[in-house]
Amino acid sequence: MTKKVFFILLALVLAISISLIGCTSTGQQEEEEEEEEPEPIIIGLFFDYSGMGSVDIPYHEVGVRLKLDEIGWEIEGRSIELVTADNAGDPAKGVESIERLVQVDEVDVIIGPVWGHVQLAIAPILAESKTPIICPSGGIIDVIETCPDNFFLTRGTFAGNAYYSGVYAYEEMEARTAVILYNDFATGESFLSGFVTPFEEMGGVIVQTIKPPLGTFDYAPFLTDVEDADVLAMWIQPPELPSFYAQYYASGLDIPIIYTSITAQSESWSEVGDLCIGTIGQHEYSPLLDNDENEEFLEKVDDMTFIDFQAAGYTAVSIFLEAVKSTNGDTTPEVINPAIRNVSVDTPEGRISYTSENVGIGDTHIMEIVKVGDRYEEEILKTYEQVVRKAPWE
Amino acid sequence: MRFVKTIINTAKLYMAKQQNRPAYFVAGLVLVLLPLFVAPYLRDIITKILIYAIFATSLNLLCGYTGLFSLGHAAYFGVAGYTTGVLMAHYGVESFWIVAPAGVLMAALMAAAFGFVALRGVGTYFLLITLAFGQLIYSVALKWRTVTGGTNGLVNVGYPDLGLPWFTMNALSFYYFVSVILVISFFLLYRLVKSPFGVALQAIRENETRMQSLGYNTWLYKYIIFIVAGLFAGVAGTLFSYHSTILVPSQVGILASTLVMLMVIIGGKRVFWGPTIGAIVIIFVEHYSSLYVPTHWPLILGCFFVVTVMFLRGGISIYLIKLLKRVVSLCIR
Amino acid sequence: MESILPNLLNAITFGFILFLIASGLSVIYGFMGILNLAHGVFYILGAYFGLALNNYGVPFVLASLGAGIIVGIIAMIVERVFLSRLHKQLDEQVLITIGFVYIFTTLARLIWGSEAKLVAAPAIVSGFVNIGDIRYPLYRLVIIAAGLAIAVGLWLLTEKTRAGSIIRAGMDNKEMTMALGMNYGMVASIIFFMGAFVGGAAGFIGLPIIAVHPAIVFDILLLSLIVIVVGGVGRIEGVLLGSMVIGLIDSLGKAYFPDWSYFTIYLAMIIILLVKPRGLLPRSQ
């Protein structure tokens, strides 16, 4: 009799464990089936909440929520729900989270991610599911090849984010020689290729290339032998900026610095201190932009922390909402993807639309860092209006 | 009813013969039936657990059985993964039967080369040399952008092409494929550690000088197991390159090596199944905590480790086994 | 070759920074046999606490001492409660110290944020000095001085004092020391405090040059490990030599062979260990 008990116990344990595992997945589906018509629109936010970018990247969500608060969390008669998924800056984890968003949460649109390698990792999955994904920051052009229907690079590509810095350096600053410096990894190289190609095409000369490894503590060895040039075009990841600037000026160098794509924000610059004032670079948004949407947006903002990312999130979701309006609430992939592609809407970044290849078309600006009160903001020096935000050769 | 009873009695008799058979049977059943009950994305996470189980068990050959702590084991995992990925992505080689052995072979060769140098030291020195080698491979993966894609990673889509015209693998069949490879690998490794060779390794762990005085060429034993461990890490790495749509250098560096080491230690290094349990625990904890408290998950993981060390000496599996034995003995009386 | 002087000075400075970072780790490992993989945490905590003190108006030198003391106390608590029970169990130490790395770096990120932080060197030493025909930042030379001071201090402590003899005896043979009636536990705690104190103070002293943020923990740890392995464990001279060697190889490598920047340190370490597996100046038995 006791052996029977043993086997019954065993079968019970087995059944319980399997149903427990099954429960975690069906639980969410049950909640969603409770909805009566019309079904809510589910927006998936896919960002780095726990990894290297976790202090600033989640501010995209703040921007998204600002917009959703504005419209009362409903559009075209459908309520809106928000789901978040973490990619931790890791492509393998990103793939898992995307699978959950697509298969379990059944999102209608995804906003994110910031990291380039995560974009590449998830592109094949999204190509299959056709879920629209609006990327609020710079991306890698290859995802468009893998995922031609539904991957929208709103702020374009990395090279595109630096292209006009090269143009500006040659045309406006009349620089003819440049030293380039960038973290020796794929993203750094992309940014600098955006600067170098137009600069050289117009006749400029790159006199020196310096490539410090990622995570360099001490820039001094790289700065001892810097050639004289008209500008120093560089891109290093924001955590390394304070060390770089301190050691740059400590080395006695004074070549004007072009931070090709200004990806750092006031919070990072405040650690660099006043040394960063005067640095020039290209970017798609600044709180000092002068347009109506930006004014309205800034009025609603509680907290200026990482305002660039808030604006990016706000813009991305605005684009999606505009597309939903144009389809009268239809968010099936076959309908919503072309709708997003055809959108033309005013946002805090100015007017945004897309090319037929899903690359963003909008204004881009050359900015200079200035101090406004306690913050380091970017003052617009020149605007290149309504450009396709990728480099011409991509 | 009688028929059922006969079956049950036969099963009982069969199981009563060997101590661990019931556990294997149950585990096998769970493994086979699991995909029918869970959502696809969860099943893919379990596929990852299976792959890491192979990886962690291979590391345990070094840590638990031979007493050699390697903090660079992800190097072999990564070398195999990248070899497979490069052959498929850059050279268009499709057949599983070519790229997988190539990957595993590269891992074994690398282990042979590195092991030769690493085994000149013991203890902390071994730890640090293996660490250095791991970081070297990481740096190569990072710098060699034309081949590995650098930080953008090596994109690798597709499941193993077995060359069978009537069969293309998808995520579900890949899960079973990995399970089969896991069973085969574990079978081989289990036989290895139970063999005289395996016993000798444990003796070397306890007292190497004594084994030497008994006439054993301890260096050779350590060298061989180093290569075997690297080889099976390569098996896991090759499977991983199919599982993951992209390979990045961070999967090869110190963070990856530390994570798999943690799986071994948490699960228990004196038990064959320890690393597997460690893999299950760590990947599930990571998954669920990042669902609910993503910003705090390293904190949770850290506390987990501290608690395990202070209260669950020897790893979780030792306690699990004690618990299981007590439950079973309570029932069978 | 007119640029060799700044490169050389940079190399020496970096070497002393490495010494500041690694000496604490060497002391703890040499005496207590504990491989403290959380050593990078001491460094960044020292930088953060020092910064906090400095922001409240505590002058630079006092802030670095204060930071060292705070970190030392935290370390001592950790040692008493957790590590004292794990002597010579390598895997348990690895696990628990990495656990502490995760815990403390997350806490640091939650309290102070992920942005890299730098501090300005104190005004009197933040200028330039003329050496030969170049202008060299004065603070880097101050680091050399600080490193030397700590090196001398630690050396005197371990070689010339009674406490030092106990330490050295303990390194060689723990059981004997206990048998002779020395209070091993208390000395162990003091040693741990010292190692953490130096590590924490180093974090703040280096802060004008090396920005701190949670992600550098593993990099700091790697550097320290390489230094003590190359230099040899157990003697201050060993750590000093190891830091100089690695500092030179790394800095000069980056200046003259920049394409190999990712590799130089690891290749150097492997080559040195091939020739001298116990480091350049091991504690001779």
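All chains are named by letter (A, B, ...) in the order of the sequence lines, taking the proteins before the strands, and each is independently numbered beginning at 1.
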Quiz item: Can you name the closest pair of heavy atoms from B:Leu201 and B:Tyr221 and give their distance?
Solution: CD2-O, 3.9 Å
Self-check item: C:Phe100 ring center within less than 6.0 Å of C:Phe82 ring center
Solution: yes
Exercise. Select one option (side chain, backbone, both, neither) describing which atoms of B:Ile254 are under 4.5 Å from chain C's heavy atoms.
Key: side chain
Practice problem: Identify which part of B:Leu131 has an atom lying under 4.5 Å from any heavy atom of chain C, answering side chain, backbone, both or neither. | Solution: side chain
Exercise. With a 4.5 angstrom heavy-atom cut-off, could you sort out which part of C:Phe104 is near chain B: side chain, backbone, both or neither?
Key: neither
Quiz item: With a 4.5 angstrom heavy-atom cut-off, which part of C:Val81 approaches chain B: side chain, backbone, both or neither?
Solution: backbone
Self-check item: For the student: nearest non-hydrogen atoms of B:Tyr138 and B:Pro249, plus distance
Solution: CD1-O, 3.2 Å
Exercise. Using side chain to side chain contact (heavy atoms under 4.5 Å, CB included) as the criterion, list what pairs up with C:Phe193, not counting sequence neighbours.
Key: C:Ile73, C:Met76, C:Phe197
Self-check item: Option in C:Thr97, C:Ile226, C:Val101, C:Val229 with maximal non-hydrogen atom pairs under 4.5 Å from chain B
Solution: C:Val229
Quiz item: What option among B:Leu128, B:Val140, B:Val117 has the most heavy-atom pairs under 4.5 Å with chain C?
Solution: B:Leu128
Quiz prompt | Structural part of C:Ile103 lying under 4.5 Å from a heavy atom of chain B | solution = both
Quiz item: So, do B:Tyr82 and B:Trp144 have ring centers that fall under 6.0 Å from each other?
Solution: no
Quiz item: Given a strict heavy-atom distance threshold of 4.5 Å, which part of C:Ile265 is in contact with chain B: side chain, backbone, both, or neither?
Solution: neither
Practice problem: Pick one of side chain, backbone, both or neither for B:Val264, based on which atoms fall under 4.5 Å of a heavy atom in chain C. | Solution: neither
Quiz prompt | Nearest heavy-atom neighbours spanning B:Ala111 and B:Ile227 | solution = CB-CA, 4.0 Å
Quiz item: Any side-chain donor paired with an acceptor under 3.5 Å for B:Ser58 and B:His73?
Solution: yes
